[in-house]
Colleague: 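Quick one: structure below, then a few questions.
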Amino acid sequence: MANRNKSKKVRKIIVFSTIIAGLIGLSLVAVFKKRQVAITVQTEKVTRRNITELVVANGKIQPVVQVVISPEVAGEIVDLPVKEGQRVKKGDLLIQIKPDNYQASRNSAEASYKSAVASKSVAHAEFEKAEIEFKRNQELFKASLVSETVFQDFKTAYEVARLRFENAVHLVDQAKFGLDKAADDLTKTTIVSPIDGTVTRLRSQLGERVLGTSFNMGTEIMTIADLHKMEARVDIGEIDVVLIETGQIARLEVDAFKDRKFNGLVTEIANASKGSSASMMGGGGGGQQQEATKFEVKIRIQEKEVFRPGMSVTAEIETRSRTNVLTVPIQSVTTRLPKKPQTGKKSGAKSEAGKGSFSQDTSSTNTNSSTSSAGEGTNTTKGASSKKSGEQPKPVEVVFVANSDNVKMVPIKRGISDDNYMEITEGLHEGDEAISGGYKAISRDLEDGKKIKRGEPGEKSDKEKK
């Protein structure tokens, strides 16, 4: 009986102690919540806006029309009346190559042509004479006044004279072709401007010997360009080039003209890339680095200005547009890793050891991580599968939304963006109060349920003040 009373007293003491400990725990939690440091943030409402996405690329200013002058014949430059930067008109003399040899060749070809013409005249006269003799003896042969042998002699002479005349005609044609070529080579010693433009580059000097394009690539003597029509040639990566179309509007910033923006239109998109050459890097690893694939896009500049070929330019090309869509400031969108699944008996899960699940806020964004173990007949949960395969959980894009004096972490799906705002396609509603600053709070400090207070940009949090 005494032992039974003693056991009742012990149970009462245990129950009473448990109640006291629970009350103390609740008090400590309340005190902790009151002492929780509030993070100072700035907020902005989720509103509807029109957004235009931009593709930014760098390149150079180049003339739309540009001609490289190379001679077609070789020789010495005896006259070079232009200099770099000089304006020229179509037909103006640019280069004179020494014509002596080409003049001599032309004279020789002319003499050969005249000789061939004279030979043709002689052959024609002989042919006419042979033709008359042949016809006369043909009549005599029909009247049986001459023998067949005599008639065949005149017939043969006639055929020979006819062939000589035809050969003389071909020789005249051949000589004429030679004369035309020699005359053409002589005219090529004088090079005139093919367009109205400016000498943007001069590579050769007076007295220098140059090679013609008939032998190889030829010598590049100078470059003529029309500087009144300029374009920007920019390099765009393979991911963005599929968004570019001819006729799209672009804004151009030229380094030489600060605080100014020029208007442009996309006129041409390269069908082939500029080449992705692989270069071997020295060192113990002997690694290989491959350059990014780039496509050249040409943008016609609308304004007239004193542009010079080779000036650096940055182009902003307007690609996709959205009207009346939900938007948040770009800095409001950040990433967080999904919460780790709880395992074991403490989790209260009925599944076997090693199984787990993501938190409710982030499980919907990790559906792609669901896999099954190879060779096993049982299914595993997402957490267990990811753990077995050794894959790291992927960060989830989120926006923190202010809810009274704390924040809620909301997974989102985003669309296009401009310089300041980003389109939100899923996760937020119009009027939600999104956290827009500061940078440290959004990128690192904020978590789901964290206490916040609204402040001005640059204001320190309570933790930082302490």
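Note that the numbering runs from 1 along the sequence shown for the chain. Here the structure is a predicted model, which means the values were calculated and not measured.
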Colleague: Ignoring hydrogens and geometry, is there a side-chain-to-backbone donor-acceptor pair from Ser105 to Ala182 under 3.5 Å?
Modeller: no

Colleague: Does the pair Glu305 and Arg260 meet the rule for a salt bridge (Lys or Arg N to Asp or Glu O under 4.0 Å), with working shown?
Modeller: CA-CA 11 Å; Glu305 192 50 82; Arg260 288 189 61 185; 2.8 Å; yes

Colleague: Does Val88 form a side chain to side chain contact (heavy atoms under 4.5 Å, CB included) with Ile224? I'd like the steps, not just the answer.
Modeller: CA-CA 9 Å; Val88 295; Ile224 308 292; 4.2 Å; yes

Colleague: Among Ile77, Thr189, Ile95, Ile191, find the residue that satisfies the side chain to side chain contact (heavy atoms under 4.5 Å, CB included) test when tested with Pro71.
Modeller: Ile191

Colleague: Provide the closest heavy-atom pair for Ile330 versus Ser417 in the form atom of the first, atom of the second, distance.
Modeller: CD1-CB, 4.5 Å

Colleague: Any sub-3.5 Å donor-acceptor pair from Ser332's side-chain atoms to Val328's backbone N or O?
Modeller: no

Colleague: Is the backbone N or O of Pro63 less than 3.5 Å from a side-chain atom of Gln66, with the two atoms forming a donor-acceptor pair by type?
Modeller: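 Here the side-chain-to-backbone pair does not exist.
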
Colleague: A side-chain contact here means heavy atoms from C-beta on lying under 4.5 Å apart; do Phe295 and Thr293 qualify?
Modeller: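 Contact flag for Phe295/Thr293 side chains = yes.
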
Colleague: Give, for atom CG of Asn420 and atom CD of Gln331, the distance between the pair rounded to the nearest 0.5 Å.
Modeller: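 Rounded to the nearest 0.5 Å, the CG-CD separation comes to 8.0 Å.
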
Colleague: Under the side chain to side chain contact (heavy atoms under 4.5 Å, CB included) rule, what do Glu44 and Tyr421 come out as? Steps first, then yes or no, please.
Modeller: CA-CA 11 Å; Glu44 185 171 331; Tyr421 292 92; 3.0 Å; yes

Colleague: Check Glu433 with Arg454, please: is the shortest side-chain N to carboxylate O separation under 4.0 Å?
Modeller: yes

Colleague: So does Arg201 pair up with Glu84, basic N to acidic O under 4.0 Å?
Modeller: no

Colleague: Hey, would you say the Phe177 and Tyr113 ring centroids sit under 6.0 Å apart?
Modeller: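 They do not qualify: ring centres at least 6.0 Å apart.
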
Colleague: Check the side chains of Thr335 and Glu397 for a donor-acceptor pair under 3.5 angstrom, ignoring hydrogens and angles.
Modeller: no

Colleague: How many angstroms lie between CG in Leu186 and CD in Gln103, if you round to the nearest 0.5 Å?
Modeller: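 Answer rounded to 0.5 Å: 5.0 Å.
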
Colleague: Could you tell me whether the side chain of Ser70 and the main chain of Gly218 form a donor-acceptor pair under 3.5 Å?
Modeller: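 No; zero donor-acceptor contacts below 3.5 Å.
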
Colleague: Thinking salt bridges, do Glu208 and Lys98 make one under a 4.0 Å N-O criterion?
Modeller: no

Colleague: Hey, are the side chains of Asp448 and Asn406 touching, using non-hydrogen atoms and a 4.5 Å cut-off?
Modeller: no

Colleague: At their closest point, which heavy atom of Val297 faces which heavy atom of Ile236, and how far apart are they?
Modeller: CG2-CD1, 3.8 Å

Colleague: Restricting to non-hydrogen atoms, name the atom on Thr190 and the atom on Gln96 that form the minimum distance, rounded to 0.1 Å.
Modeller: OG1-OE1, 2.7 Å

Colleague: Test Ile424 against Lys413 for side chain to side chain contact (heavy atoms under 4.5 Å, CB included), laying out the working first.
Modeller: CA-CA 6 Å; Ile424 302 299; Lys413 289 186 179 181; over 6 Å; no

Colleague: Is the backbone N or O of Asn324 less than 3.5 Å from a side-chain atom of Asn50, with the two atoms forming a donor-acceptor pair by type?
Modeller: yes

Colleague: Which atom pair, heavy atoms only, marks the closest approach of Gln248 to Leu243?
Modeller: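 The answer is NE2-O, 3.1 Å.
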
Colleague: Pair Ser436, Gln42 - check side-chain hydrogen bond (donor to acceptor under 3.5 Å, both in side chains), show working.
Modeller: CA-CA 5 Å; Ser436 59; Gln42 294 81 48; 5.8 Å; no

Colleague: In the structure I gave you, are the side-chain heavy atoms of Phe400 and Thr334 within less than 4.5 Å of one another anywhere?
Modeller: yes

Colleague: Return the minimal non-hydrogen interatomic distance between Gln86 and Pro81, and the atom names on each side.
Modeller: OE1-O, 3.8 Å

Colleague: Can you tell if the side chain of Asp235 reaches within under 4.5 Å of the side chain of Asn58, non-hydrogen atoms only?
Modeller: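 Counting from C-beta outward, Asp235 and Asn58 never come under 4.5 Å.
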
Colleague: Looking only at the side chains, is there a donor atom on one of Thr267 and Arg300 sitting less than 3.5 Å from an acceptor on the other?
Modeller: no

Colleague: Inspect the surroundings of NZ in Lys304 and state if more than 12 heavy atoms from other residues, nucleotides or ligands are less than 6.0 Å away.
Modeller: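 More than 12 heavy atoms, drawn from other residues, nucleotides or ligands, come within 6.0 Å of this atom.
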
Colleague: Taking atom CZ of Arg49 as the centre, report whether more than 12 heavy atoms of other residues, nucleotides or ligands fall under 6.0 Å from it.
Modeller: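 Buried by this count: over 12 neighbours within 6.0 Å.
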
Colleague: Treating Glu72 as the side-chain partner and Lys188 as the backbone partner, does any N or O pair qualify as donor plus acceptor under 3.5 Å?
Modeller: no

Colleague: Can you list the steps and then say if Ile39 with Leu446 is a side chain to side chain contact (heavy atoms under 4.5 Å, CB included)?
Modeller: CA-CA 8 Å; Ile39 301 174; Leu446 288 178; 3.9 Å; yes

Colleague: Looking at Glu231 and Arg233, is any side-chain nitrogen of the basic one under 4.0 Å from a carboxylate oxygen of the acidic one?
Modeller: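 Yes, Arg233 and Glu231 are salt-bridged.
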
Colleague: Could you check whether Glu430 pairs with Arg48 (Lys NZ or Arg NE/NH1/NH2 to Asp/Glu carboxylate O, under 4.0 Å)?
Modeller: yes

Colleague: Tell me the closest heavy-atom pair linking Val172 and Ala116, and the distance in Å.
Modeller: CG2-O, 3.1 Å

Colleague: Within the structure provided, determine whether Glu220 and Ile69 are in side-chain contact (heavy-atom separation under 4.5 Å).
Modeller: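 A side-chain contact under 4.5 Å is absent here.
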
Colleague: For the residue pair Ile61 and Arg308, establish whether any side-chain heavy-atom pair is separated by less than 4.5 Å.
Modeller: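 No, their side chains stay 4.5 Å or more apart.
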
Colleague: Looking at CD1 of Ile317 and CZ of Arg251, how far apart are the two atoms once the value is rounded to the nearest 0.5 Å?
Modeller: 11.0 Å

Colleague: At what distance, to the nearest 0.5 angstrom, does CD1 of Ile221 lie from CG of Leu211?
Modeller: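 Nearest 0.5 Å value for the CD1-CG distance: 10.0 Å.
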
Colleague: Quick check for you: to the nearest 0.5 Å, what is the distance between Met409 atom CE and Asn403 atom CG?
Modeller: 14.5 Å

Colleague: Counting only heavy atoms not in Ile249, do more than 12 fall under 6.0 Å of its CD1?
Modeller: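 Count not over threshold, so no.
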
Colleague: Taking the side chain as everything from C-beta on, heavy atoms only, tell me whether Leu265 gets closer than 4.5 Å to Ile299.
Modeller: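 Counting from C-beta outward, Leu265 and Ile299 never come under 4.5 Å.
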
Colleague: Answer yes if the side chains of Ser312 and Lys60 hold a donor-acceptor pair under 3.5 Å, and no otherwise.
Modeller: yes

Colleague: Whether the Ser108 and Arg106 side chains hold a donor-acceptor pair (N or O, under 3.5 Å, no angle test) is what I'd like checked.
Modeller: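 The criterion, which ignores hydrogens and geometry beyond distance, is not satisfied for Arg106 and Ser108.
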
Colleague: Just to verify, which of Val68, Val82, Val67, Thr200 counts as forming a side chain to side chain contact (heavy atoms under 4.5 Å, CB included) with Met222?
Modeller: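 That would be Val82; it is the only one of Val68, Val82, Val67, Thr200 passing the side chain to side chain contact (heavy atoms under 4.5 Å, CB included) with Met222.
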
Colleague: Would you say the side chain of Tyr439 lies within less than 4.5 Å of the side chain of Arg444, judging by non-hydrogen atoms?
Modeller: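 Sidechains of Tyr439 and Arg444: no contact.
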
Colleague: So, taking the atom named NZ in Lys89 and the one named CG in Asp196, what distance separates them when rounded to the nearest 0.5 Å?
Modeller: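 These two atoms lie 5.5 Å from each other.
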
Colleague: Under a 3.5 Å cutoff, is there a donor and acceptor pairing between the side chains of Thr52 and Asp418?
Modeller: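 Short answer, no.
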
